[in-house]
Amino acid sequence: MTGHPTAAPPAGGVADRPTPGRATPGDVAGRADASFRQRYAAEPAGCWAAPGRANLIGEHTDYNDGFVLPFALSLRTVVAAAPAPDGTWTVCSEHADEPVRFTVDDLVPGRVTGWGAYVAGVVWALREAGHAVPGARLAVASDVPLGSGLSSSAALEAAVLAALVDLGGLDLPTGRRPRLAQRAENAYVGAPTGIMDQSAVIRCRDGHALFLDCRTEEVEHIPFDLDTTGLTLLVVDSRAPHRHADGEYAARRRSCEQAADLLGVAALRDVPTDGLVTALTRLPDDATRRRVRHVVTENQRVLDTVALLRAGRVREIGPLLTASHASMRDDFEITVPEIDTAVEAALAAGALGARMTGGGFGGCVLALVEAASADAVTAAVTAAYAERGFAVPGLVRVRPAPGANRLT
Ligand code: ADP
Ligand code: MG
């Protein structure tokens, strides 16, 4: 039941957005469609897509009941699928050597492992929620790099979920899908992620960021239209190996929970910005004070970013992004040299703002740049990496794109 996905093809250079809509042979939808036909010698009943996501701002605020502001990427995962009359599930992926097949007996957490667990987890979570899930054959293709912090896992879950809901004619409104996909990842795969990734890849809208209150799960679509502003976003895949990411993540989480206990609040979200200085005097050590300062100031930066975007002042969010990075580097201590190098090089080459996006200890950097200087920033980051002897970074230009949808 296992399978080892290979790494995504290198992004190298500044690739641009795939066009949504109809499949062409070389694009991701065309690849999923072709892979289905080849593997199963049959026509798929349809193709369903879900994007990767980047978090514009609001890092490590989710589990503190705070705010995040992700947007969907134009990089997508596509699933071509059709019902399987024998009631089993078979899935293949261009990122895996072998297909994974499972039956209803395998729908027990821990039974299907490896990448197939993300698919089995969705079937499991749907059935746990009382839905009669049809057996299916699925073929997956993806432009979202795997394991880079752009949420290929949520993209896979969301695309599979959309396919199964439509194939089975299940009654599952969009607003209830993020929780279900998160349950698949938390309880079946066993990865303790928050609600942000699945919310973003399912609920985001084209040209908007998703302002998500992680306590209430309320969302608001905030206009974030780069096309009309002459701006672009660059995602830099740092290609840094994830160093102790799981242990460090757990340690940060624990530290925040302990601080909330000491301060007598349900979560750090309840520490107001103007109460921060007083709160810090009640904490026992410098490391805890810095962790709390990051979370409280980061929540405020999300609110400030939302206010600027609502007012159409997109360029002015740059300094907030950069301040967020400094806070992650100095107070939350979750950045690594490759990430800091990409941020510094992008800023030195004229980026309006740059920050690490994602949980940290590797992953990606997001830089807001004038479209006209995107090539210069790309060249500067690539040169800075070469100078330091780091692996060649992946650079891709992205724009806020739609969430999961049916393509054909
Ligand atoms: P991220 O979500 O940041 O990309 P994760 O570690 O959460 O990183 O998820 C990556 C894992 O998700 C992969 O190792 C693989 O198991 C699974 N996965 C995601 N997309 C695909 C895909 N298209 N094909 C096969 N497995 C995938
Ligand atoms: Mg993930």
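Note that these values count all heavy atoms, side chains included, but never hydrogens, waters or copies made by symmetry.
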For residues 154-163, dump all side-chain donor-acceptor pairs below 3.5 Å to protein atoms at least two apart in sequence or in another chain.
unit_1	atom_1	unit_2	atom_2	d
E157	OE1	Q198	NE2	3.1

Practice item. Please indicate whether D246 has more than 12 foreign heavy atoms, meaning atoms of other residues, nucleotides or ligands, lying under 6.0 Å from its CG. Key: no
Check your understanding: Are R329 and D340 close enough for a salt bridge, meaning some N to O gap below 4.0 Å?
Key -> no
Check your understanding: Looking just at side-chain N and O atoms, do N186 and T193 make a donor-acceptor pair shorter than 3.5 Å?
Key -> yes
Check your understanding: So, does Y188 use its side chain to make a donor-acceptor pair with the main chain of R183 at under 3.5 Å?
Key -> no
Practice item. Kindly give the heavy-atom pair with the smallest separation between L164 and V133, and that separation in Å. Key: CD1-CG1, 4.1 Å
Review point. Does E370 pair with R315 as a salt bridge, N-O distance under 4.0 Å?
Key: yes
Review point. Minimum heavy-atom separation for T382 to P393, with atom names?
Key: CA-CG, 4.2 Å
Point to revise | Residue list, salt bridge (charged side-chain N to carboxylate O under 4.0 Å, His left out) with E298, at least two apart or on another chain | key: R301, R355
Review point. Under the criterion side chain to side chain donor-acceptor pair (under 3.5 Å), which of R293, R291, R289 is the partner of D331?
Key: R293
Exercise for review: Determine whether the aromatic ring centres of F71 and H208 lie less than 6.0 Å apart.
Suggested key: no
**Study point:** Donor-acceptor pair, side chain of E94 and main chain of S142, under 3.5 angstrom
**Key:** yes
Check your understanding: Any side-chain heavy atom of D65 within less than 4.5 Å of one from T216?
Key -> no
Review point. When you measure from the side chain of D106 to the backbone N and O of V112, does any donor-acceptor pair fall under 3.5 Å?
Key: no
Check your understanding: Would you call R31 and D143 a salt bridge, using N to O less than 4.0 angstrom?
Key -> yes
Check your understanding: Ignoring hydrogens and geometry, is there a side-chain-to-backbone donor-acceptor pair from D62 to C214 under 3.5 Å?
Key -> no
Exercise for review: Apply the test side-chain contact (heavy atoms from CB on, under 4.5 Å) to residues L212 and I195: give CA-CA distance (whole Å), side-chain angles for both, the deciding distance (0.1 Å), then the verdict.
Suggested key: CA-CA 9 Å; L212 169 65; I195 191 69; 4.2 Å; yes
Review point. Among side-chain atoms of W48 and N405, is any donor-acceptor pair under 3.5 angstrom?
Key: no
Practice item. Decide side-chain contact (heavy atoms from CB on, under 4.5 Å) for T341 and Y385; before the verdict, give the C-alpha distance in whole Å, the side-chain angles of both, and the deciding distance to 0.1 Å. Key: CA-CA 7 Å; T341 297; Y385 264 53; 4.2 Å; yes
Study note, to complete from the structure: Between R269 and the options N299, D213, N64, the side chain to side chain donor-acceptor pair (under 3.5 Å) test singles out D213
Exercise for review: Please name the pair of heavy atoms, one in P51 and one in G403, separated by the smallest distance, quoted to 0.1 Å.
Suggested key: CD-C, 3.8 Å
Check your understanding: Are any non-hydrogen side-chain atoms of V219 and F211 less than 4.5 angstrom apart?
Key -> no
Review point. Any ion pair linking D330 and R290 (charged N to carboxylate O, less than 4.0 Å)?
Key: no
Review point. Between the side chain of H294 and the main-chain N/O of E59, is any donor-acceptor distance below 3.5 Å?
Key: yes
Practice item. Without swapping roles, check the side chain of Y40 against the backbone of S35 for a donor-acceptor pair under 3.5 Å. Key: no
Point to revise | Ring centres under 6.0 angstrom apart (Y249, H60) | key: yes
Review point. Which heavy atom in A259 sits nearest to a heavy atom in T288, and how many Å separate them?
Key: CB-CG2, 3.9 Å
Practice item. Run the numbers on V78 and V140 for side-chain contact (heavy atoms from CB on, under 4.5 Å), then give the verdict. Key: CA-CA 6 Å; V78 175; V140 183; over 6 Å; no
Review point. For the side chain of T357 and the backbone of N55, is there at least one donor-acceptor N/O pair under 3.5 Å apart?
Key: yes
Point to revise | Main-chain N/O of G52 paired with S151 side-chain donor or acceptor, under 3.5 Å | key: no
Check your understanding: Charged N to carboxylate O below 4.0 Å: is that the case for R215 and D270?
Key -> yes
Check your understanding: So, do V68 and V302 sit near enough that their side-chain heavy atoms are less than 4.5 Å apart?
Key -> no
**Study point:** Closest contact, heavy atoms only, C204 versus P70
**Key:** SG-O, 4.0 Å
Check your understanding: Does a salt bridge link R388 with E338, judged by any charged N lying under 4.0 Å from a carboxylate O?
Key -> no
Exercise for review: Look at the side chain of W89 and the backbone N and O of P134, then say whether any donor-acceptor pair between them is shorter than 3.5 Å.
Suggested key: yes
Check your understanding: Are there more than 12 heavy atoms of other residues, nucleotides or ligands under 6.0 Å from atom CD of E43?
Key -> no
Review point. Can you tell me how far the CG atom of L352 sits from the OG1 atom of T322, to the nearest 0.5 Å?
Key: 8.5 Å
Review point. Between T228 and D225, is a side chain to side chain donor-acceptor pair (under 3.5 Å) present by the stated rule, with each step listed?
Key: CA-CA 6 Å; T228 56; D225 181 9; 3.1 Å; yes
Review point. Should R399 and D227 count as an ion pair when the cut-off is N to O under 4.0 Å?
Key: yes
**Study point:** Closest approach of L210 to S199 (non-hydrogen atoms, all atoms of both residues)
**Key:** CD2-O, 3.7 Å
Point to revise | E248 vs R253, salt bridge (Lys or Arg N to Asp or Glu O under 4.0 Å): CA-CA, chis, key distance, verdict | key: CA-CA 9 Å; E248 295 284 357; R253 231 179 139 138; over 6 Å; no
Exercise for review: Step by step, work out the side-chain contact (heavy atoms from CB on, under 4.5 Å) result for F102 and V123.
Suggested key: CA-CA 10 Å; F102 53 92; V123 176; 4.0 Å; yes
Exercise for review: Report yes or no: does S148 contribute a side-chain atom to a donor-acceptor pair with the main-chain N or O of P145 at less than 3.5 Å?
Suggested key: no
